[in-house]
S.K.: 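The structure under discussion is supplied below as structure tokens; questions concerning it will follow.
Not measured: the values here are computed from a predicted model. Keep in mind that the numbers below use all heavy atoms, side chains included, and drop hydrogens, waters and symmetry copies. Each ligand, and each atom within it, is numbered from 1 in the order the structure gives.
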Amino acid sequence: MSTENNLDLLFNNSVKILTDLIAFKTISGEDNSSLIDYCDDILKKLGATSFRTFDDEEKRVNLFATLKSKVSPKKKPIILSGHTDVVPVSRGWATDPFKATIKDDKLFGRGSCDMKGFIACVLAFAPIYSKSNLDRDIHFSFTFDEETACQGAPILIEELKKREIKDGICIIGEPTNMKIIDAHKGCYEYTTYFKGLAGHSSAPHKGVSATEYASRYVGKLIELRKKLKERTPKDSIFDPPHSTLSIGGIFGGIAHNVIADKCHVNWETRPVVKEDAIFLNAELDKYANEVLLPDMKKVFPNSSIEKEIIGEIIGFDRDEKSDACELISSLTGDNTRQVVSFGTEAGLFQEIGISTVVCGPGSIEQAHKIDEYIVLEELKKCLKLLEGIKNNSIIN
Ligand SMILES: [Zn+2]
């Protein structure tokens with residue numbers, strides 16, 4: 001069979017698999033085990049070994065499967081990585097979001113570009129890897145709950161450390177139009193809860209106003225934001241170049257004439273370096289515990305300030321000599337490197353010494369939106385990259 005026909009066949013298969021994947025309603029936080037079973041089945045039939053890791057309730061699953069090298073491997077393993085969850089759907093879709101629909105040159109459906117398209121391509125290509133004389137291991141990493149601050153991947157990463165899978169190349173197929181992304185900021189989200197004492201507004205000294213203490217806390221955050229700007233690293237590659245901080249919401253109080261006993265603040269920071277997040281949290285916690293809280297407790301000893309971590313997605317740092325980026329460049333001829341403003345699991349793999357790149361089919365422009373789609377041509381581009389990886393991973 002000629003390469004052209006072969007590619008057509010692979011393409012048709014990837015569309016079929018993508019259609020199946022979209023039909024699994026794997027919204028973040030929900031059970032994704034049927035989709036994982038589906039992927040595991042395909043890979044097992046090809047001779048892959050696999051293991052699973054779970055959340056506490058064992059209803060959400062990460063899958064890590066391996067097609068072994070045919071010789072004692074000389075090259076670093078390659079990890080093809082994607083998240084299996086999708087963001088929720090809102091009203092207004094022209095088609096059923098969980099039924100893949102092809103119109104013209106596009107395939108519509110929730111997760112089509114973010115990021116079941118990539119998973120479909122690697123599963124469609126897996127039979128070729130399994131038939132090839134591989135001289136390195138090819139791993140498939142499918143995680144849960146990436147969209148809710150990367151809750152699944154850290155559980156998998158712990159297991160990879162235990163199994164000594166720390167030296168390799170990881171390709172995260174988030175939608176980048178197959179461009180090479182080699183860095184992004186971190187994304188740390190928090191909610192801070194204030195509990196004071198309710199009372200009549202005519203006697204403020206007899207109550208502890210949660211809203212007032214929350215306001216002072218927000219004031220401190222804004223003050224620290226200036227400090228983050230002063231800490232801008234030289235040669236920062238990001239826009240804006242410094243770590244940002246944003247107050248997403250302040251919620252508290254019930255009436256004009258009642259001292260609010262409860263208030264909470266939603267806030268986030270996007271650090272350019274990990275140290276900024278450590279600095280910010282240390283300064284903030286110190287202020288809350290040494291200034292605000294003692295003040296609140298003078299009037300009401302049961303007052304409290306509690307900071308809840310919603311998610312801490314570590315940043316993905318540019319590595320001047322990146323095996324992962326060089327591999328993609330050598331296969332596609334594209335030597336550009338870009339940064340993005342969205343977070344991914346890349347920093348988690350990078351942190352344990354795995355050379356990582358974000359590169360996958362589709363555009364982030366269509367992600368998380370009504371009528372999400374992937375341009376079909378993008379799947380073909382992805383399959384070509386996977387073919388390049390095969391040619392780079394066989395015994396000559
Ligand atoms: Zn994604």
Side-chain angles (χ1 to χ4, degrees), residues 14 17-18 21-22 24-30 32 35-36 39 60-64 79-90 97-98 100 107-123 140-157 170-189 268 270 310-316 324 328 338-350 356-375 378-379 381-382 385:
S14 61
I17 294 172
L18 180 52
L21 293 177
I22 287 171
F24 294 105
K25 293 185 185 172
T26 50
I27 293 166
S28 311
E30 291 180 11
N32 70 333
L35 181 146
I36 291 292
C39 300
R60 294 167 297 163
V61 193
N62 295 313
L63 176 70
F64 195 85
I79 303 170
L80 301 168
S81 175
H83 63 79
T84 61
D85 61 316
V86 296
V87 294
V89 290
S90 46
F98 297 104
L107 185 149
F108 291 82
R110 174 56 88 220
S112 53
C113 77
D114 188 11
M115 57 178 290
K116 291 177 171 175
F118 177 76
I119 296 177
C121 287
V122 303
L123 289 175
F140 302 81
S141 161
F142 302 142
T143 56
F144 68 85
D145 288 9
E146 186 270 352
E147 299 288 4
T148 45
C150 294
Q151 292 179 40
I155 300 167
L156 168 68
I157 296 283
C170 178
I171 299 164
I172 296 186
E174 291 276 359
T176 69
N177 285 318
M178 299 306 293
K179 290 282 175 200
I180 295 172
I181 305 302
D182 70 344
H184 60 67
K185 291 183 186 182
C187 178
Y188 292 39
E189 295 180 342
E268 64 135 58
R270 300 200 171 222
I310 304 300
E312 293 181 332
I313 303 176
I314 62 163
F316 174 35
I328 306 277
Q338 296 174 13
V339 300
V340 286
S341 54
F342 57 91
T344 74
E345 294 169 343
L348 294 164
F349 285 94
Q350 186 178 49
T356 304
V357 60
V358 181
C359 176
S363 164
I364 198 70
E365 286 298 310
Q366 277 89 48
H368 300 201
K369 295 207 175 122
I370 289 171
D371 297 333
E372 176 179 346
Y373 66 82
I374 188 162
V375 174
E378 288 287 311
L379 299 175
K381 279 200 250 166
C382 184
L385 177 75

S.K.: Verify the distance test for Glu146 against the Zn ion (ligand 1): any N/O/S atom under 2.8 Å, yes or no.
M.R.: no

S.K.: With sequence neighbours excluded, tell me which residues meet salt bridge (charged side-chain N to carboxylate O under 4.0 Å, His left out) with Glu174.
M.R.: none

S.K.: How about CD on Glu365, more than 12 heavy atoms from neighbouring residues, nucleotides or ligands closer than 6.0 Å, or not?
M.R.: no

S.K.: For the Zn ion (ligand 1), which N, O or S atom of Glu174 is at the shortest distance?
M.R.: OE1

S.K.: Step through the shown structure and confirm whether more than 12 heavy atoms of other residues, nucleotides or ligands are within 6.0 Å of NZ on Lys25.
M.R.: no

S.K.: Might you point out which heavy atoms bring Thr26 and Lys116 nearest each other, and give the distance in Å?
M.R.: OG1-NZ, 2.9 Å

S.K.: Which N/O/S atom belongs to Asp114 and is the closest one to the Zn ion (ligand 1)?
M.R.: OD1

